[in-house]
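Everything below concerns the one structure shown next.
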Amino acid sequence: MPFGDGTGPAGQGPGTGRGAGAGAGRGRGRMGGSSPGSGTGGYCICPNCKYRVPHQAGNPCYSIKCPKCGAQMVRE
């Protein structure tokens, strides 16, 4: 913007863009969408004894106790 006329350097445009084009950090969001562990399928697994049970939608794995050793299950 050589003389404050809004033309940008060497006639290349005004230089007022925000860099919000493709590849400018507009990803899938915080939870990742298709990352492992998301969705309705998969298993809940015991971190101690590796016992596995199918994950049930609406019932978080961390709310399940392992039937073998009593530890809190995690999502596989």
Side-chain angles (χ1 to χ4, degrees):
M1 199 175 313
F3 305 108
D5 60 357
T7 59
Q12 295 176 356
T16 56
R18 295 180 298 156
R26 306 247 174 180
R28 292 177 179 223
R30 190 170 66 99
M31 297 306 285
S34 64
S35 65
S38 65
T40 57
Y43 290 89
C44 299
I45 186 169
C46 175
N48 291 342
C49 66
K50 308 300 180 197
Y51 182 79
R52 289 174 39 166
V53 294
H55 174 71
Q56 297 175 349
N59 190 14
C61 291
Y62 62 81
S63 68
I64 301 171
K65 297 283 186 184
C66 176
K68 291 179 77 177
C69 68
Q72 187 178 30
M73 306 279 282
V74 296
R75 190 73 182 261
E76 184 178 38

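Note that the SG atom of C61 and the CZ atom of R52 stand 11.5 Å from one another [nearest 0.5 Å]. For the atom pair CZ of R75 and SG of C44, the computed distance is 6.5 Å after rounding to the nearest 0.5 Å. In this structure, K68 NZ and N48 CG are separated by 11.5 Å, a value rounded to the nearest 0.5 Å.
Take P47 and apply the side-chain contact (heavy atoms from CB on, under 4.5 Å) test, not counting sequence neighbours, and it matches V74. Every residue was checked against the disulfide (SG to SG under 2.5 Å) condition with C46, not counting sequence neighbours, and none meets it.
Considering only heavy atoms from C-beta on, C69 stays 4.5 Å or farther from Y51 through its side chain. Residues Y43 and H55 fail the side-chain proximity criterion, which asks for heavy atoms closer than 4.5 Å. Counting only heavy atoms from C-beta outward, the side chains of M73 and V53 approach each other to under 4.5 Å.
Under the side chain to side chain donor-acceptor pair (under 3.5 Å) criterion, the residue pairs touching residues 56-66 are N59-S63, with sequence neighbours excluded.
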